[in-house]
Amino acid sequence: MSFVKGRLSEEEQEILRKKHIPQDPFSHCYEASFFTEVHDKERDIRLVSLGGRGIPGIDVLPEIFAFIWNDELCCIEAYKKKSGTKETGGEVIWILDRIYAPENWKYKKEELIKLITEAFESYGLGGLKWKLNSFRIENITEPKFGGKTGWIYGR
């Protein structure tokens with residue numbers, strides 16, 4: 001099975017908040033809500049946007065993602081460059097600036113990067129309903145491993 005794009009229901013959002021997100025990443029900026037996600041049920045992988053705009057040169061705040069694999073959490077801070085229009089289609093370039101993963105994922109680093117790349121390819125432009133003409137990841141940083149969870153906010 002491959003990734004399927006969708007939106008989390010209110011119930012799924014609440015479960016995710018209680019189970020994985022110890023603190024709202026944007027509690028000092030604005031109210032965060034969960035937007036678009038991609039989910040591969042067969043491999044138990046979910047990439048969820050937690051908010052932020054992530055436009056380099058415009059926003060200081062990155063777009064924050066929860067990458068959940070086999071019920072364990074990894075936090076990703078990303079920026080995107082996009083061009084084009086809804087009518088002509090668009091191009092998206094993702095810059096994965098920071099990846100925080102649990103310590104026990106160290107031995108699966110290559111697989112983790114492969115799965116994150118695959119998830120972002122499926123995520124594309126997120127919630128925008130544009131035709132995607134081209135996609136690439138310009139930069140994917142080395143993951144930082146530590147602790148039981150990859151969540152960095154509120155530690």
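Predicted model only: the values in this text are computed from it and were never measured. For the numbers below, each heavy atom of this structure counts, side chains included, while hydrogens, waters and symmetry mates do not.
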A.B. asks: Is the shortest side-chain heavy-atom distance between Glu91 and Lys81 below 4.5 Å?
C.D. replies: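 Not touching, per the 4.5 Å side-chain cut-off.
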A.B. asks: Please examine the side chains of Asn104 and Glu72, heavy atoms only from C-beta on, and report whether any two atoms are closer than 4.5 Å.
C.D. replies: yes
A.B. asks: When you compare the side chain of Ile76 with that of Leu47, does any pair of heavy atoms fall below 4.5 Å?
C.D. replies: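 When only atoms from C-beta onward are counted, Ile76 and Leu47 do touch, with a gap below 4.5 Å.
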A.B. asks: Does any part of the side chain of Ile93, heavy atoms only, come nearer than 4.5 Å to the side chain of Arg136, both counted from C-beta?
C.D. replies: yes
A.B. asks: Short question: side chain of Lys144, backbone of Tyr100 - any donor-acceptor pair under 3.5 Å?
C.D. replies: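 No, Lys144 side chain to Tyr100 backbone: no donor-acceptor pair under 3.5 Å.
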A.B. asks: Let me know which of Phe67, Phe65, Tyr79 forms a ring-ring contact (aromatic ring centres under 6.0 Å, His included) with Phe120.
C.D. replies: Phe65
A.B. asks: Does the side chain of Glu121 come within less than 4.5 Å of Trp94's, by heavy atoms?
C.D. replies: no
A.B. asks: Atom CD of Glu63 and atom OH of Tyr123: how far apart are they, to the nearest 0.5 Å?
C.D. replies: 4.5 Å
A.B. asks: Considering non-hydrogen atoms only, spot the tightest contact between Lys5 and Ser122 and give its length.
C.D. replies: CE-O, 3.4 Å
A.B. asks: Please determine whether the number of non-hydrogen atoms from other residues, nucleotides or ligands lying under 6.0 Å from atom NZ of Lys108 exceeds 12.
C.D. replies: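 Enclosed: over 12 neighbouring heavy atoms sit under 6.0 Å from NZ of Lys108.
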A.B. asks: Determine the minimum heavy-atom distance between Ile95 and Glu138, stating which atoms define it.
C.D. replies: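 Closest pair (atom of Ile95, atom of Glu138, distance): CD1-OE2, 3.8 Å.
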A.B. asks: So if I apply the side-chain contact (heavy atoms from CB on, under 4.5 Å) rule between Glu12 and each of Arg7, His39, Arg46, which one comes out positive?
C.D. replies: Arg46
A.B. asks: Please report the shortest heavy-atom distance between Ala78 and Leu96, naming the atom on each side.
C.D. replies: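 Closest heavy-atom pair between Ala78 and Leu96: CB-CD2, 3.6 Å.
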A.B. asks: Would you mind reporting whether Ile99 and Trp105 have side-chain heavy atoms less than 4.5 Å apart?
C.D. replies: no
A.B. asks: Let me confirm one number: the CD1-CG distance from Ile45 to Leu115, rounded to the nearest 0.5 Å.
C.D. replies: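 That separation rounds to 4.0 Å.
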A.B. asks: First locate atom CD1 of Ile68, then atom CG of Asp44, and finally report the distance between them rounded to the nearest 0.5 Å.
C.D. replies: 9.0 Å
A.B. asks: How many angstroms lie between CD1 in Ile140 and CG in Leu112, if you round to the nearest 0.5 Å?
C.D. replies: 7.5 Å
A.B. asks: Kindly give the heavy-atom pair with the smallest separation between Arg43 and Asn70, and that separation in Å.
C.D. replies: O-OD1, 3.7 Å
A.B. asks: Can you find a pair of side-chain heavy atoms, one from Glu111 and one from Trp69, that are under 4.5 Å apart?
C.D. replies: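 Counting from C-beta outward, Glu111 and Trp69 do come under 4.5 Å.
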A.B. asks: To the nearest 0.5 angstrom, please state how far the CZ atom of Arg98 sits from the SG atom of Cys75.
C.D. replies: 10.0 Å
